[in-house]
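These notes are about the structure you will find just below.
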Protein chains: 2
Amino acid sequence: MDNATSVQPAPVLETHLGYWLRLVSNHISGEFARALQEQGLSVAEWVALNQIGRGTALTPANLADAMGMTRGAISKVLDKLQLKGWISRATSPEDSRVQLLAPTRQGKRALPELTTIADGNDEHFFGALSATERATLRKLLKKLADIHQMHNIPAE
Amino acid sequence: MDNATSVQPAPVLETHLGYWLRLVSNHISGEFARALQEQGLSVAEWVALNQIGRGTALTPANLADAMGMTRGAISKVLDKLQLKGWISRATSPEDSRVQLLAPTRQGKRALPELTTIADGNDEHFFGALSATERATLRKLLKKLADIHQMHNIPAE
DNA sequence: TATTGTTATACTCTATAACTATA
DNA sequence: TATAGTTATAGAGTATAACAATA
């Protein structure tokens with residue numbers, strides 16, 4: 001017997017918009033994380049690689065701020081990306097405390113494939129909405145992000 | 001210097017609706033989780049207590065299915081709720097393998113306070129939208145949940 | 001044999017704090 | 001002294017698998 005559909009959420013839960021947001025977001029993010037995992041990658045690693053892949057000279061401190069994570073945590077994420085041979089760390093000539101992050105040739109080559117996964121995930125889940133509905137959803141989410149000053153790049 | 005606003009997400013990230021959904025959802029859920037944490041409660045515990053608090057005879061297996069977690073994980077969540085004195089476990093008279101979950105008097109008394117926290121969180125974040133916008137957002141999220149058959153109660 | 005629930009174990013992720021090197 | 005980055009340690013959360021009791 002599958003009880004998943006027979007047990008409904010308590011009424012109070014469903015009344016919250018936050019409930020629906022979390023339901024949908026966790027489902028979509030979870031599926032995306034699973035797809036990345038097949039490539040041996042976490043969401044945080046994917047976000048970091050994307051940032052570094054832009055070519056902009058980034059430092060671990062920049063990344064930590066942008067992703068809302070501690071420097072210690074970022075350090076480990078970078079270790080994994082470096083172990084995969086996708087990024088390099090180089091001491092800044094201007095300030096030798098600073099590490100400059102850059103994608104390797106391999107890293108640059110890997111990014112398009114990963115982007116395809118992200119595109120596919122988005123298309124799979126939001127393709128069911130019309131262009132107008134997608135635009136509306138984007139507008140509402142952006143509005144919430146703007147009003148509440150959400151500018152960390154989510155990596156959970 | 002605060003780099004959080006100076007480091008922008010790579011363009012490819014922003015194009016995904018999933019990005020905005022994750023940004024907003026993680027922010028709101030994170031704030032809610034923090035508020036619950038002040039009461040010494042995790043989101044999973046709160047969801048479980050809500051389900052049990054309905055009064056419907058629930059079992060750990062029901063909860064595991066409903067919340068998309070393993071029975072082992074649910075068992076630990078229930079341990080914590082029981083330790084707080086908010087739920088009771090009783091062997092079912094019909095099948096002594098089954099444990100029937102029920103809220104204690106204390107648990108029933110705690111729920112309204114916790115609901116107030118959830119209400120406040122929702123109001124804080126979505127109050128910035130008009131009633132029409134909230135209705136639209138709810139409709140779109142429900143549509144996505146419906147189309148993709150998302151019926152687990154999110155507890156991350 | 002199959003099922004319910006618990007426990008044992010391990011793993012991932014992240015934070016806190018100590019530490020090194022440089023400024 | 002302050003800052004960038006790393007490392008050491010610990011904690012939360014969850015899954016997998018082994019287990020005991022019951023059907």
Side-chain angles (χ1 to χ4, degrees), chain A residues 1-3 7 26 29-30 33-34 36-38 40-48 52 57-83 87-101 152-156, chain B residues 1-3 7 26 29-30 33-34 36-48 52 57-83 87-102 152-156:
Chain A
M1 177 175 69
D2 179 15
N3 288 310
V7 178
N26 286 2
S29 293
R34 234 162 282 134
L36 283 180
Q37 200 172 24
E38 288 178 18
L41 210 69
S42 73
V43 176
E45 289 169 59
W46 176 73
V47 171
I52 299 167
L58 269 180
T59 69
N62 289 152
L63 265 187
D65 287 338
M67 295 176 63
M69 291 168 65
T70 62
R71 293 180 183 186
I74 286 293
S75 198
K76 287 196 174 179
V77 170
L78 296 175
D79 284 347
K80 288 181 185 163
L81 288 176
Q82 196 169 18
L83 205 68
I87 66 157
S88 65
R89 291 194 252 212
T91 303
S92 164
E94 294 173 10
D95 183 339
S96 38
R97 291 172 303 181
V98 173
Q99 294 287 300
L100 298 178
L101 307 170
N152 277 351
I153 306 171
E156 280 168 43
Chain B
M1 176 175 70
D2 179 14
N3 287 309
V7 177
N26 286 1
S29 293
R34 233 162 282 134
L36 283 181
Q37 201 172 24
E38 288 177 18
Q39 314 296 318
L41 210 69
S42 73
V43 177
E45 288 169 62
W46 177 75
V47 171
I52 299 168
L58 270 179
T59 69
N62 289 152
L63 264 187
D65 287 338
M67 297 175 63
M69 292 169 65
T70 63
R71 294 179 183 188
I74 287 292
S75 199
K76 285 195 176 180
V77 170
L78 296 176
D79 284 348
K80 287 181 186 162
L81 288 177
Q82 196 169 20
L83 206 67
I87 65 157
S88 64
R89 292 194 254 212
T91 304
S92 164
E94 294 174 10
D95 183 339
S96 40
R97 290 172 305 184
V98 173
Q99 294 288 299
L100 297 180
L101 307 171
N152 277 352
I153 307 170
E156 280 167 42

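Chain identifiers are assigned alphabetically (A, B, ...) following the order of the sequence lines, protein sequences preceding nucleic acid strands; residue numbering begins at 1 within each chain.
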(message) Judged by each residue's nearest nucleotide on DNA chain C, which is more toward the 5′ side, B:Ile74 or A:Asp95?
(response) B:Ile74
(request) Starting from C1' on D:dA4, measure out to CG on A:Leu58 and report it in whole angstrom. (result) 15 Å
(message) For the residue pair B:Thr59 / B:Asn62, report whether a side-chain donor-acceptor contact shorter than 3.5 Å exists.
(response) yes
(request) Let me know the distance between CG of A:Leu100 and P of D:dA4, rounded to the nearest Å. (result) 13 Å
(request) Using the test side-chain hydrogen bond (donor to acceptor under 3.5 Å, both in side chains), find all partners of A:Ser42 that sit at least two apart in sequence or belong to another chain. (result) A:Glu45
(request) Produce a footprint string for nucleotides 10-15 of chain D: one letter per nucleotide, 5' end first; B if the base is under 4.0 Å from any protein heavy atom, S if only the sugar-phosphate is, - if neither. (result) ---SBS
(message) Could you tell me how far apart A:Asp65 (CG) and D:dT3 (P) are, to the nearest whole angstrom?
(response) 13 Å
(request) Calculate the interatomic distance between A:Glu94 atom CD and D:dA4 atom P; express it in whole Å. (result) 14 Å
(request) First locate atom CG of B:Leu58, then atom CD1 of B:Ile87, and finally report the distance between them rounded to the nearest 0.5 Å. (result) 10.0 Å
(message) Pair B:Asn26, A:Asn152 - check side chain to side chain contact (heavy atoms under 4.5 Å, CB included), show working.
(response) CA-CA 10 Å; B:Asn26 286 1; A:Asn152 277 351; over 6 Å; no
(message) Does A:Ser75 reach a base, just sugar-phosphate, or nothing at all? Heavy atoms under 4.0 Å.
(response) base
(message) Which residues pass the side-chain hydrogen bond (donor to acceptor under 3.5 Å, both in side chains) test with B:Ser92, not counting sequence neighbours?
(response) none
(message) Distance under 4.0 Å to a non-hydrogen atom of chain B counts as contact; along DNA chain C, which nucleotides mark the start and end?
(response) C:dA2 to C:dT9
(message) If you only use heavy atoms from C-beta on, which nucleotide in D:dT22, D:dT7, D:dA4 is closest to the side chain of B:Ser96?
(response) D:dT22
(request) Would you kindly say whether B:Gln99 and B:Thr91 are connected by a side-chain donor-acceptor distance under 3.5 Å? (result) yes
(message) I want to confirm an ordering. Mapping A:Asp79 and A:Arg97 to their closest nucleotides on DNA chain D, which one lands closer to the 5' end?
(response) A:Arg97
(request) Give a yes/no on whether any side-chain N or O of B:Arg71 is located under 4.0 angstrom from OP1 or OP2 of D:dT16. (result) no
(request) With sequence neighbours excluded, tell me which residues meet side-chain hydrogen bond (donor to acceptor under 3.5 Å, both in side chains) with B:Gln82. (result) B:Arg89
(request) Output yes when a side-chain donor or acceptor of B:Asp95 lies under 3.5 Å from a complementary backbone atom of B:Arg97, and no otherwise. (result) yes
(message) Applying side-chain hydrogen bond (donor to acceptor under 3.5 Å, both in side chains), can you list everything that pairs with A:Ser88, at least two apart in sequence or on another chain?
(response) none
(request) Round to the nearest Å and state the distance from B:Gln99 atom CD to D:dA20 atom C1'. (result) 13 Å
